[in-house]
Protein chains: 2
Amino acid sequence: MAAEPVLDLDRQLCFALYRAQRALTRAYAPLLEPLGLTYPQYLVFLRLWAEDGQRVNDLGDCLSLDSGTLTPLLKRLEHRGLVERRRDTADERVVRIYLTDAGRALRTKAKKVPVALAGLAGFDLDKPKGVNALAGLRDELTALATRLEHASDAKPR
Amino acid sequence: MAAEPVLDLDRQLCFALYRAQRALTRAYAPLLEPLGLTYPQYLVFLRLWAEDGQRVNDLGDCLSLDSGTLTPLLKRLEHRGLVERRRDTADERVVRIYLTDAGRALRTKAKKVPVALAGLAGFDLDKPKGVNALAGLRDELTALATRLEHASDAKPR
DNA sequence: TGTTAATAAATTGTATACAATCTAATTGAC
DNA sequence: GTCAATTAGATTGTATACAATTTATTAACA
């Protein structure tokens with residue numbers, strides 16, 4: 001199709017990644033709709049359910065998101081009564097995020113989400129084969145992300 | 001860390017995919033900066049360099065993007081003189097996208113991009129091992145995206 | 001043929017992403 | 001102790017994504 005194989009869209013890892021990520025986010029939407037969350041909001045809750053009262057930067061480090069993304073996202077969650085944003089009394093620069101009862105309550109509903117999604121993605125988690133396939137792909141992607149993040153660091157300008 | 005392994009962020013394929021995709025887009029930015037393109041804009045050019053004069057919907061099908069994303073993106077490219085948007089004379093509903101000379105000229109610079117990025121991503125394309133690793137991951141992601149897209153179709157609502 | 005259904009883009013509204021800048025608070029060097 | 005660097009978030013501005021609606025055009029068919 002393309003005269004230059006190097007520029008052939010279908011051959012590129014990059015596009016496959018871009019496409020898969022968006023397909024995944026779209027697949028999440030109906031599963032998260034009962035929780036009233038978007039996918040990035042769900043990721044924030046995954047972190048908060050694991051550890052309450054984190055700083056905005058803690059969340060940012062975990063999720064690779066900066067305050068430009070997190071601040072408005074967290075404000076929306078606060079406005080809906082799912083979290084509270086409180087200044088740290090010891091260091092007034094820091095804002096800590098606390099779950100409200102409503103935010104904690106979402107966790108019960110959320111437990112169904114990962115399994116449902118694995119099903120949509122075609123991984124049979126009841127069999128070792130499915131678990132390993134998922135884990136293998138996940139580890140490859142994590143390694144790729146790490147390499148790419150370090151590559152950006154290495155050449156700062 | 002998390003009490004519920006199922007909800008542990010680090011274990012999830014979904015987050016690995018989300019993170020890798022954004023790391024990739026950020027890694028592209030400095031490579032595309034000489035072309036003055038964002039990553040989605042670059043994808044549009046990949047398609048246009050392969051085949052000029054495509055309809056907006058053709059691009060949308062290839063890239064899994066709808067007119068809500070493409071229309072403003074294409075208008076920005078038109079405004080910068082890189083493409084032309086022309087109504088199809090046979091069917092006035094259709095808008096076709098044509099490269100300008102400036103848009104075609106970008107292709108020369110673009111040829112360096114995929115190889116440079118493969119390097120940043122840690123794939124050595126000079127060795128079969130690197131090529132196979134890239135192709136394998138790409139194919140897994142494409143298959144995953146296809147499954148997820150069909151899964152969404154299957155449950156309309 | 002006249003009207004309805006379908007189609008292609010555009011538009012609207014909401015929610016990310018992210019670079020760059022700004023502000024307030026804290027550290028550190030001296 | 002004071003003032004320059006640093007740090008944490010917030011803000012600003014641009015560019016996606018995408019659902020939902022709208023508009024214009026074409027196709028279909030009773």
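Numbers restart at 1 for each chain; the letters A, B, ... are given by sequence-line order, proteins then strands. Just the heavy atoms: all of them, side chains too, but no hydrogens, waters or symmetry mates, feed the values below.
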Novice: If the cut-off is 4.0 Å, is A/Lys75 near the phosphate of D/dT11, judged by side-chain N/O to OP1 or OP2?
Specialist: yes

Novice: Ignoring hydrogens, what is the shortest heavy-atom contact between B/Asp52 and B/Ile97? Give both atom names and the distance.
Specialist: OD1-O, 3.5 Å

Novice: Does A/Thr69 place a side-chain N or O at less than 4.0 Å from the phosphate oxygens OP1/OP2 of C/dA17?
Specialist: no

Novice: Does A/Gly68 or B/Arg93 map to a spot on DNA chain C nearer the 5' end, using the closest nucleotide for each?
Specialist: B/Arg93

Novice: Please state whether the phosphate of D/dA17, meaning OP1 or OP2, lies under 4.0 angstrom from any side-chain nitrogen or oxygen of A/Gln21.
Specialist: no

Novice: Using the closest heavy atom to pick a nucleotide of DNA chain D for each, name whichever of A/Tyr18 or A/Pro72 lands nearer the 5' end.
Specialist: A/Pro72

Novice: Could you check A/Arg80 against B/Arg22 and say which one's nearest nucleotide on DNA chain C is further toward the 5' end?
Specialist: A/Arg80

Novice: Describe the nucleic acid contact of B/Thr38 in one word from base, sugar-phosphate, nothing, applying a heavy-atom distance below 4.0 Å.
Specialist: sugar-phosphate

Novice: Does a side-chain N or O of B/Asn57 approach OP1 or OP2 of C/dA9 to a distance below 4.0 Å, or not?
Specialist: yes

Novice: Would B/Arg85 and B/Tyr98 count as a cation-pi pair here, with the cationic atom under 6.0 angstrom from the ring centre and within 45° of the axis?
Specialist: no

Novice: Whether the side chain of B/Ser67 and the base of C/dA10 hold a donor-acceptor pair under 3.5 Å is what I'd like checked.
Specialist: yes

Novice: Can you tell me if A/Arg55 touches the phosphate of D/dA8, counting only side-chain N or O atoms and a distance under 4.0 Å to OP1 or OP2?
Specialist: yes

Novice: Identify the two heavy atoms, one from B/Pro72 and one from B/Ser67, that lie closest to each other, and give their separation to 0.1 Å.
Specialist: CD-O, 3.8 Å

